[in-house]
A.B. asks: 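Got a structure for you, written out below as structure tokens; questions coming shortly.
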There are 2 protein chains.
Amino acid sequence: MQEQLKLDNQLCFRLYTASRLITQAYHPLLEEIGLTYPQYLVMMVLWEQDNMPVNDIAKRLYLETNTVTPLLKRMEAEGFIARRKGEKDARQVIVSLTPKGRKLEGKASCVPYQMGQAVACRSITEKTAPELFRTLDDLIGTLSK
Amino acid sequence: MQEQLKLDNQLCFRLYTASRLITQAYHPLLEEIGLTYPQYLVMMVLWEQDNMPVNDIAKRLYLETNTVTPLLKRMEAEGFIARRKGEKDARQVIVSLTPKGRKLEGKASCVPYQMGQAVACRSITEKTAPELFRTLDDLIGTLSK
DNA sequence: TACCTTTGTATCGCAAACGATATAAATAAC
DNA sequence: GTTATTTATATCGTTTGCGATACAAAGGTA
């Protein structure tokens, strides 16, 4: 058995698992406000900056448009967002918040705190978090090129 | 705009993105040997310990059996593994490597090294990796309870 | 103007993930 | 020994994620 092929020696498996378990932890919180985790990400993008083309949302989330488009259609069907043709560039589809979508920001405001409680553990503290953030940002930067 | 609701302040989004980008980086390597990333994880489990019940594989990967069962069926259809009823406990399904599946370990032996190259970045070194591993293990431990 | 290339979205198909639920075998309770 | 409960898998339906591809609008180029 090659040492490198062992699951316990793999960074990737840890990230994959941590990501999935965190999404699961979000589930009950986001269910309350009627969002899935990827939909919550889209809403965070729009709360920061409304009226964005599909492409910009996709880039911000490191997703492809073929993932984002169906996501947005479901969110439109739920009444959280609206989609309209771009005026300058008719190829673009501009995504904007509906009143319902804007109002959701208030309801979601407690989610980060509640998640903070859920992921609270010895290894992640005020002191160590910035280092972890830098490492992940570096990794994401490397892989997204 | 609430500071905590910003994407850039979220650990979860970083993990989610890093995980996805790593899986994408695996894709061309695993395509060579005919596996998807989750299938590769299952193979790593079996290369370490053959003849495992579905449940044990699922637990090892922190997945549910309703995810693993279809995965295993596809891998069985590809001829990498075999599934048989447990002798002692007729409810169990024991998963074992086929000769083709065992032979794959040799072909996969270069994958960890190649992935190491792909994720190589300033922040992840011989020195910092153990710390990162501990942090993620702690997080996974906390969330999986 | 006509043609070519690029860009922005969308469609299609397949493989995860996972909640909810079903089923059968094993075990416990009575 | 029958009934109830637990346990091990599996089925179903929905949402992601993404490679491959299609298509129309925009921007060159001849």
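Treat the numbers as computed from the prediction; the structure is a model and nothing was measured. Residue numbers start from 1 in every chain, and the chains themselves are labelled A, B, ... in the order their sequence lines are given, proteins ahead of strands. As a basis for the values below, the full set of heavy atoms in this structure was taken, side chains included, without hydrogen atoms, waters or symmetry mates.
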A.B. asks: I'd like to know if the side chain of Trp47(A) reaches the main chain of Leu104(A), judged simply by a donor and an acceptor atom lying under 3.5 Å from each other, with no hydrogens or angles considered.
C.D. replies: no
A.B. asks: Taking the nucleotide of DNA chain C with the closest heavy atom to each, which residue, Asp89(B) or Leu72(A), is nearer the 5' end?
C.D. replies: Leu72(A)
A.B. asks: Whole angstrom is fine here: how far is it from CD in Glu31(B) over to P in dC18(D)?
C.D. replies: 15 Å
A.B. asks: Report yes or no: does Asn51(A) contribute a side-chain atom to a donor-acceptor pair with the main-chain N or O of Ser96(A) at less than 3.5 Å?
C.D. replies: no
A.B. asks: Provide, to the nearest angstrom, the distance between the CD1 atom belonging to Ile57(B) and the P atom belonging to dA16(C).
C.D. replies: 14 Å
A.B. asks: Over how many whole Å does the gap from Ile22(A) atom CD1 to dA17(C) atom C1' extend?
C.D. replies: 16 Å
A.B. asks: Rounded to the nearest angstrom, tell me the gap between atom OH in Tyr26(A) and atom P in dC18(C).
C.D. replies: 16 Å
A.B. asks: Between dA25(C), dT9(C), dT15(D), which one does the side chain of Val93(A) approach most closely?
C.D. replies: dT9(C)
A.B. asks: Measure from the side-chain heavy atoms of Ala90(A) and tell me the nearest of dT16(D), dA25(D), dA16(C).
C.D. replies: dA25(D)
A.B. asks: Tell me which residues in residues 34-41 of chain B put a heavy atom below 4.0 Å from DNA chain C, sorted by number, or none.
C.D. replies: Thr36(B), Pro38(B), Gln39(B)
A.B. asks: dA10(D), OP1 or OP2 - any side-chain N/O from Arg83(B) closer than 4.0 Å?
C.D. replies: yes
A.B. asks: Mapping Ile94(B) and Leu63(A) onto DNA chain D by nearest heavy atom, which one lands closer to the 5' end?
C.D. replies: Ile94(B)
A.B. asks: Can you tell me the distance, in whole Å, between the NZ atom of Lys73(B) and the C1' atom of dC12(D)?
C.D. replies: 12 Å
A.B. asks: Under 4.0 Å, counting only non-hydrogen atoms across every strand here, what does Tyr16(A) touch: a base, just sugar-phosphate, or nothing?
C.D. replies: sugar-phosphate
A.B. asks: Which listed nucleotide (dG19(D), dG17(D), dA10(C)) is nearest to the side chain of His27(B)?
C.D. replies: dG19(D)
A.B. asks: Do Phe13(A) and Asp8(A) have side chains that get closer than 4.5 Å, going by heavy atoms?
C.D. replies: no
A.B. asks: Tell whether Asn66(B) reaches the base of dG19(C) with its side chain through a donor-acceptor pair below 3.5 angstrom.
C.D. replies: yes
A.B. asks: Given dA10(D), dA10(C), dG17(D), identify the nucleotide with an atom nearest to the side chain of Thr67(A).
C.D. replies: dG17(D)
A.B. asks: What is the distance, rounded to the nearest whole Å, between atom CD1 of Ile81(B) and atom C1' of dT9(D)?
C.D. replies: 14 Å
A.B. asks: With respect to the phosphate group of dG17(D), does any side-chain polar atom (N or O) of Gln24(B) fall under 4.0 Å of OP1 or OP2?
C.D. replies: no
A.B. asks: By nearest nucleotide on DNA chain D, pick out whichever of Leu71(A) and Val54(B) is the more 5' one.
C.D. replies: Val54(B)
A.B. asks: What contact category does Lys85(A) fall into here, base, sugar-phosphate, or nothing, at under 4.0 angstrom with non-hydrogen atoms?
C.D. replies: nothing
A.B. asks: Whole-Å distance between dA8(D) C1' and Met52(B) CE?
C.D. replies: 15 Å
A.B. asks: Can you find an N or O donor on one side and an acceptor on the other, under 3.5 Å apart, linking the side chain of Arg91(A) with the base of dT7(C)?
C.D. replies: yes
A.B. asks: Ignoring hydrogens and angles, tell me if any N or O in the side chain of Thr69(A) forms a donor-acceptor pair with the backbone of Asn66(A) under 3.5 Å.
C.D. replies: no
A.B. asks: Starting at atom CZ of Arg74(B), determine the distance to atom P of dT11(D), rounded to an integer number of angstrom.
C.D. replies: 12 Å
A.B. asks: Closer than 3.5 angstrom, by distance alone: can the side chain of Thr65(A) be matched with the main-chain N or O of Asn55(A) as a donor-acceptor pair?
C.D. replies: no
A.B. asks: Nearest to the side chain of Thr65(B), heavy atoms from C-beta on, is which of dC18(D), dA10(D), dA25(C)?
C.D. replies: dA10(D)
A.B. asks: Between Tyr62(B) and Arg60(B), is there a cation-pi geometry (under 6.0 Å to ring centre, at most 45° from the normal)?
C.D. replies: no
A.B. asks: Using the ring of Phe133(B) (Phe, Tyr or Trp, six-membered ring only), decide whether Arg14(A) places NZ or CZ under 6.0 Å from its centre and within 45 degrees of its axis.
C.D. replies: yes
A.B. asks: Would you indicate what Pro70(A) reaches in the nucleic acid, counting non-hydrogen atoms under 4.0 angstrom: base, sugar-phosphate, or nothing?
C.D. replies: nothing
A.B. asks: Does the side chain of Met43(A) reach to within under 4.5 Å of the side chain of Met75(A), using non-hydrogen atoms?
C.D. replies: yes
